[in-house]
Amino acid sequence: MRHLYDAFQRAMLTTAFRITNNRPDAEDAVQEAFVESFQKIGQLRQTRRYGGWLKRIVINKCLDKQRKHLRWEAPRQILPDTTDEETWYVGIPLEEIRQAIQQLPDGSREVLVLYLFEDYKHREIAEQLGISISTSKSQYQYALRRLRTQLQKWKHDAI
Amino acid sequence: MTPFEKYLRERREALQGPDASPEVWDNIVEAMSTKSAASLRVSYRKWLTVAASLLLLIVAGWYWQSQPPLSTQVPTALLAYPDFEDQNFAELLDVQLAQIKASAVPAEYQNDLQQLLDQVAYLDTTYATQVKQLETRYSEDVAKQVLRYYQTKVALLTKIIREIDKINRYDNAKAKPSKRVPLKL
């Protein structure tokens, strides 16, 4: 079991942290997910699917924790784009991008993480978060635009 | 999908965070051992019930057999009983008992396992009486009971060995394994 933990803990913690934006909650979710997976590992028909199966458990644990205090922000508050350049993000360190994602409001951050990093469909996100598909889509676009605004500001200040 | 979305998706691995703190694994091990211990405790209770029921059946059978016979039977050697020779019970039991004798378990499980072994040992007293009975007067039913004794003992010891193995595996996975003590046979 230790080898499974060693192989997956970092990726699982990353996913959990992206969703919860809170290290103690993320570690709790990862811990609970590993315990559940070890107890139910006999139900897994193909062991090579362990990683994907475990990630689903982690995400569900995180969403269970988040549902209680999920905060949504109305997309209309966004500032207009300051550039039309397609490759505006080039030169921005990944660490800045990671921090900018963490600073997104909970709801839009979760939609962005699930859609962009975890390959969920908007239909699945809507089901998981108890929102409509159109809300999922609009929150995703809002997250992208907000990221863009924030990162362009960083780039402008850095220059 | 815009170039920025593609850029993020392609770099999702590079956007990974740090490792989990060491307490996470310790807590997983602790949670697993607590849950395992709980399930083992249930399993022991079940086992004790099964062992007690078997014992009761055997004692009742022995009592019934020790009553005066209603008819005389032709004495035959015990080993001539069909199925008996083929199964090599004595050798199998020797191996199992040696395996248990060589093992050590966490101190907190010693009593539970010892109780099971004591029940198995009690079966031996019934067995001795039945064999004595067979030597003086052969009975097909008693011979069947002796065969059943061997089958039961082998099955019980097999399960006890498995339990010992399971307990030790969970204990080894703990950050601080418990002190081990031997079992008395």
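A, B, ... follow the sequence lines: proteins, then strands. Residue 1 opens every chain.
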Q: Taking the side chain as every heavy atom from C-beta outward, state whether A/L147 and B/L8 have any pair of such atoms under 4.5 Å apart.
A: yes
Q.
Please check if the number of heavy atoms outside A/K137 that lie under 6.0 Å from its NZ is greater than 12.
A. no
Q.
Go through it in stages, so that I can follow the logic: the residues are B/M32 and A/Q39, the test is side-chain contact (heavy atoms from CB on, under 4.5 Å), and I'd like the CA-CA distance, side-chain angles, deciding distance and then a yes or no.
A. CA-CA 8 Å; B/M32 292 295 293; A/Q39 285 169 340; 4.2 Å; yes
**Q.** From A/V113, A/L116, A/D119, A/T14, residue fulfilling side-chain contact (heavy atoms from CB on, under 4.5 Å) relative to B/R12
**A.** A/D119
Q. Would you say A/Q9's side chain and B/A20's backbone share a donor-acceptor pair under 3.5 angstrom?
A. yes
Q | Residue among A/V90, A/D6, A/I101, A/L94 with most heavy-atom pairs under 4.5 Å to chain B | A | A/L94
Q) In terms of heavy-atom proximity below 4.5 Å to chain B, should A/F17 be classed as side chain, backbone, both, or neither? A) neither
**Q.** Contacts of type ring-ring contact (aromatic ring centres under 6.0 Å, His included), residue A/Y115, not counting sequence neighbours
**A.** A/H122, A/Y140
Q: Evaluate the side-chain contact (heavy atoms from CB on, under 4.5 Å) criterion for residues B/Y7 and A/I97: first the C-alpha distance (whole Å), next the side-chain angles of each, then the deciding distance (0.1 Å), finally the verdict.
A: CA-CA 11 Å; B/Y7 177 81; A/I97 297 177; 3.8 Å; yes
**Q.** Contacting moiety of A/Q99, where chain B heavy atoms sit under 4.5 Å
**A.** neither
Q | Test item: A/E27 side-chain N/O and B/S21 main-chain N/O as donor-acceptor pair under 3.5 Å | A | yes
Q) Do the side chains of A/I133 and A/Y142 join up, straight or via other hydrophobic residues, at under 4.5 Å, putting them in one cluster? A) no
(Q) Please classify the contact between B/F4 and chain A as side chain, backbone, both or neither, with a heavy-atom cut-off of under 4.5 Å. (A) both
Q: Give the member of A/M12, A/R18, A/R23, A/Q31 that has the highest number of heavy-atom pairs under 4.5 Å with chain B.
A: A/Q31
Q.
Report which part of A/I92 has an atom under 4.5 Å of a heavy atom belonging to chain B: side chain, backbone, both, or neither.
A. backbone
Q: Name the region of A/A16, side chain, backbone, both or neither, that has any atom closer than 4.5 Å to a heavy atom of chain B.
A: neither
Q) Rounded to the nearest 0.5 Å, how far does CD1 of B/I28 lie from CD of A/E32? A) 10.5 Å
Q. Of all residues at least two apart in sequence or in a different chain, which pass the ring-ring contact (aromatic ring centres under 6.0 Å, His included) check with A/F38?
A. A/F34
Q: Examine whether an atom of B/T2 lies under 4.5 Å from a heavy atom of chain A, and if so say whether it belongs to the side chain, the backbone or both; otherwise answer neither.
A: neither
